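In the text below, chain A, chain B and the rest are named by the order of the sequence lines, each starting its count at 1. Predicted model only: the values in this text are computed from it and were never measured.
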Amino acid sequence: MSSAASWRTHVCGQPRLENQGEEARVCGWVQSRRDHGGITFVDLRDRTGLLQLVGDEDTPQECLKALEGLRSEDVVQAIGALRLRDAENANPDLPTGEVELHVRELEVLSRSETPPFEIDDRIEAPEELRMKHRYLDLRRPRMREYVESRSQANQILRGVLHDANFTEVETPILTRSTPEGARDYLVPSRLRGGEFYALPQSPQVFKQLCMVGGLDRYFQIARCMRDEDLRADRQPEFTQLDMEMSFVEEEEVQAVVEEVVVSLLESFRQKAPPSPFPRMTWQEAMDRFASDKPDMRNPLEIVDLASVGSGLGFKVYDDVLAAGGLVRGLLLPNGGSLSRKEIDSLESCAKDAGAGGAAWCKVTEDGATGPLARFLEGEPGQKFIEALEAEAGDLVVTVADQSRKALAALDAVRRMAGELLDLIGEDSEILWVTDFPLFEKSSDGSWTPSHHPFTAPAASDIPHLLDGKLGEVRSRAYDLVLDGVELGSGSIRIHDSELQGAIFETLGISPNEAASRFGHLLTAFQYGAPPHGGFAIGLDRLYALLFGAASIRDVIAFPKTSSGSCPLTGAPSPVDAQQVEDLGLAVLEALPDENLPSSSSPN
RNA sequence: GGGGGUGUGGCGCAAUUGGUUAGCGUACCAGACUGUCGAUCUGGUGGUUGCGGGUUCGAGUCCCGUCACCCUCGCCA
């Protein structure tokens, strides 16, 4: 039989016309069996493809019987001769379709139960079941491609960064909890009962410490964990390409990011955008698109209607403007063709986004129709239409509300209208959004960092830190946006401990508090910190886009459900009482028995 | 935490107004078949309709609760 050194002479996807006549040993999983009585075909699969095995009257009786006894997903080794298939028997759909292995010897290496779902891209299986038997799901060609593509993509970005003199550094998984930001996953310490490690939400502090450590250029494909509720594009643990550079300005960080992104786009999509990517300030993005991550494939732009809207005698506009809110709108070219139902859906999506509603009108040859029309009859109405540059056949949708809600609604309406009118361009559009506000007002009225507290303010805005106009302080943060999706964000950091202290003070973090939370970073900054900045790209989301995967779960080898559970391992699970006790902990409520993990049987 | 959707043999689906023994395809099992490649033909096994309660002469169907998954709002510096 086989020795380990010679299990295979060929892989399944390998044999071609020119291999005819060769002796071959192949190993793989049984994809399917077609038994014609006297002649039997078996498709053998490995990660490289399918090869047809055949047994006929020239095959030893025992071996033919063994072929007939094979079932889906059995693992076998087959030995025989590669032979040509007649023209009429060749399979043009298979790369190996011109040949087949005429089997002489067959060894079943491992039998398989009937799989819970068919190993076939064409068969839809419930995602939970696929996760429970992920090892089977990974045998499906599409899933296998995602895993392989991900490996390749990682290799590509490592190559780019190594060539740019970056050093790959592994930072701790067990680290210190930081109270602000997302909720931490905690790990109790046994040796110091009552104390906890936290799993990193990102390697932020460590990468900055790498800069203080003189590494100059750091990167890591880093796992990050955040204990928050999930979404379709969010997992409790996710992967970032994390990087940081010393002695750089924004443009230098962005240039490296662009090189990484262009390399990936070139490898996995036909077209990559020319570098440098376009830039847009946050203010411009909000004014023109009501979004800090605008989809530039959508040509619709927001129009400010405050001045022309105030003279219409429309109480909703007047009240909102008097209260300091926004009156803005969108012109939908040929939007008059939309059905009443579609217009209603635009209105309700504005409401869902938090605005009071959306006032609209259709523009016709003889004036306007629709709810807004009766305010547009006189001279001011004419100006209103002119401001929008509306023409007959167009639809005008306006939103009036307090700023935050109005912008959210305009963003939602713009996106939906782009879909409804089929305006979304074919080609991907990537851009940098820059000059974010350093702070944003949280619901309780306090100021919080819009990025993180280590983001440097724009030098020219530092005076505003002192004069209290915090909303006007711009940061040196930048986001990379692809087709309305935020791929990642970064910033130039504060490297001056005095300035850092001032920011903490502004955020209401006392020196004591700052010292206890970030003392390690602040102390490090007292020993000579280089100016530095960096970036982080969310790889799961990027790879899902790049590979055309339906879900980020498809580009993660072993993903979790939207409640953070793992159907494969049964995590999270109760643990032995002794384990809990060793940690100096007590569980408050005993969990019911059915929550115990089920034993993982192969059935 | 809130809202929405889904849950019926292993898988995909059906079942009229609440009414017969819950049906079809596929997979699976057995048999037949010498060129198939999503083989074909014949026959067969397989169901506590997610779980618990209720209404009713009668519940897959209606009501209440609950669980799981998916989507979404809050949340995610």
Side-chain angles (χ1 to χ4, degrees), chain A residues 31-45 50-59 64 68 71-73 83 85-94 96-97 100 102 113-133 136 178-184 201-202 204-205 224-236 238 349 352-354 408 412 436 438-440 442-443 446-455 475 477 486 489 491 503 507 509 517-518 536 538 550-551 553 560-565 567 592 594-595 603:
Chain A
Q31 177 68 39
S32 67
R33 174 185 48 104
R34 295 175 293 280
D35 181 353
H36 287 249
I39 183 163
T40 293
F41 304 97
V42 170
D43 288 340
L44 198 67
R45 180 193 68 237
L50 290 178
L51 178 66
Q52 175 164 285
L53 313 181
V54 62
D56 56 20
E57 75 271 9
D58 300 327
T59 304
L64 187 61
E68 287 167 1
R71 293 294 181 271
S72 293
E73 303 310 313
R83 71 183 188 191
R85 291 160 72 163
D86 297 340
E88 65 267 26
N89 290 330
N91 184 350
D93 298 330
L94 229 49
T96 61
E100 63 192 359
H102 190 231
E113 298 284 328
T114 301
F117 54 89
E118 293 167 63
I119 311 301
D120 187 330
D121 282 339
R122 294 167 302 192
I123 306 291
E124 281 299 320
E127 196 172 8
E128 201 182 349
L129 192 69
R130 290 170 48 203
M131 281 192 210
K132 184 177 177 190
H133 300 279
L136 296 178
T178 51
E180 70 290 311
R183 193 178 294 112
D184 283 319
Q201 297 177 23
S202 81
Q204 182 63 36
V205 171
C224 308
M225 296 80 165
R226 296 177 188 174
D227 187 6
E228 295 292 345
D229 286 3
L230 305 177
R231 284 288 185 288
D233 59 357
R234 246 193 259 159
Q235 284 271 301
F238 57 98
C349 96
D352 290 346
F436 280 73
L438 187 62
F439 305 109
E440 56 190 31
S442 62
S443 47
S446 65
W447 291 95
T448 59
S450 50
H451 192 52
H452 58 59
F454 316 114
T455 306
S475 74
E486 182 200 314
S489 63
S491 64
I503 296 286
L507 291 168
I509 301 173
R517 290 186 196 175
F518 308 113
S551 156
R553 292 184 292 272
K560 291 184 174 59
T561 70
S562 70
S563 60
S565 67
E594 54 265 31
N595 283 2
N603 297 318

Review point. Is A:Glu100 side chain donor-acceptor paired with the B:G35 base, going by distance under 3.5 Å alone?
Key: yes

Check your understanding: Looking only at N and O atoms, is any donor in the side chain of A:Arg234 or the base of B:C76 less than 3.5 Å from an acceptor on the other one?
Key -> yes

Please name all residues satisfying side chain to side chain contact (heavy atoms under 4.5 Å, CB included) with [X], sequence neighbours left out, ordered by chain then number.
X	result
A:Ser450	A:Glu440
A:Ile39	A:His36, A:Phe41, A:Val54, A:Asp56
A:Pro449	A:Pro453, A:Leu507
A:Cys224	A:Ser202, A:Pro203, A:Phe238, A:Gln240

Point to revise | B:C69 OP1/OP2 closer than 4.0 Å to side-chain N/O of A:Ser565 | key: yes

Check your understanding: Should A:Ser563 be listed as having a side-chain N or O under 4.0 Å from OP1 or OP2 of B:C69?
Key -> yes

Separation of the [atom1] atoms in [N] and [M], to the nearest angstrom:
N	M	atom1	value
B:C62	B:G18	C1'	8 Å
B:G58	B:U20	C1'	12 Å
B:G54	B:G74	P	41 Å
B:U49	B:G7	C1'	9 Å
B:G23	B:C29	P	23 Å
B:U8	B:A59	C1'	14 Å
B:C64	B:U6	P	15 Å
B:A15	B:G9	C1'	15 Å

Whole angstrom value for the distance that separates [atom2] of [N] from [atom1] of [X]:
X	N	atom1	atom2	answer
A:Arg34	B:U36	CZ	C1'	5 Å
A:Glu128	B:C71	CD	P	12 Å
A:Glu486	B:C76	CD	C1'	11 Å
A:Arg45	B:C37	CZ	C1'	15 Å
A:Arg122	B:G12	CZ	P	17 Å
A:Arg83	B:G35	CZ	P	13 Å
A:Asn91	B:C37	CG	P	9 Å
A:Asp93	B:G38	CG	P	7 Å

Side chains of [X] and [Y]: closer than 4.5 Å at any heavy-atom pair?
X	Y	value
A:Leu51	A:Asp43	no
A:Thr114	A:Arg71	no
A:Lys560	A:Leu230	no

Could you list, one pair per line, each protein nitrogen or oxygen that sits under 3.5 Å from a nitrogen or oxygen of nucleotides 1-9 of chain B, together with the distance?
unit_1: B:G1; atom_1: O6; unit_2: A:Asp229; atom_2: OD2; d: 3.1

How is [X] classified with respect to the nucleic acid when contacts are heavy atoms under 4.0 Å: base, sugar-phosphate, or nothing?
X	value
A:Ala353	nothing
A:Glu88	nothing
A:Ser202	base
A:Thr455	nothing
A:Thr561	sugar-phosphate
A:Ala232	sugar-phosphate
A:Arg517	nothing
A:Phe117	nothing

Check your understanding: With sequence neighbours left out, what residues match A:Phe518 under ring pair (Phe, Tyr, Trp, His ring centres under 6.0 Å)?
Key -> A:Phe454, A:Phe504

Nucleotide forming a Watson-Crick or wobble pair with [N], both distances under 3.5 Å:
N	result
B:A68	B:U6
B:A15	none
B:U45	none
B:U56	none

Check your understanding: If you look only at pairs with a residue in residues 224-233 of chain A, which of them pass as a side chain to side chain donor-acceptor pair (under 3.5 Å), with sequence neighbours excluded?
Key -> none

Check your understanding: Choosing from B:C70, B:C75, B:C37, which nucleotide comes nearest the side chain of A:Glu228?
Key -> B:C75

Review point. What nucleotide among B:C37, B:C11, B:C70 has an atom nearest to a side-chain atom of A:Asp43?
Key: B:C37

Review point. If you measure only the distance, is there a donor-acceptor pair under 3.5 Å linking the side chains of A:Gln201 and A:Asp184?
Key: yes

Review point. Do A:Lys132 and A:Glu127 meet the salt-bridge criterion of a basic N to acidic O distance under 4.0 Å?
Key: no

**Study point:** Given A:Thr40, A:Val42, A:Thr59, the one that forms side chain to side chain contact (heavy atoms under 4.5 Å, CB included) with A:Leu53
**Key:** A:Val42

Practice item. Report yes or no: is the ring centroid of A:His36 under 5.5 Å from the six-membered base ring centroid of B:G35, with the two planes under 30 degrees? Key: no

Where do N or O atoms of nucleotides 23-32 of chain B meet protein N or O atoms at under 3.5 Å, pair by pair?
unit_1: B:C29; atom_1: OP1; unit_2: A:Arg71; atom_2: NE; d: 2.7
unit_1: B:A30; atom_1: OP2; unit_2: A:Arg71; atom_2: NH2; d: 3.1

Review point. With nearest nucleotides of RNA chain B determined for A:Gly38 and A:Arg85 from heavy-atom distances, which residue corresponds to the more 5′ nucleotide?
Key: A:Gly38

Practice item. State which residues pass side chain to side chain donor-acceptor pair (under 3.5 Å) with A:Thr561; sequence neighbours excluded, sorted by chain then number. Key: A:Ser563, A:Ser565

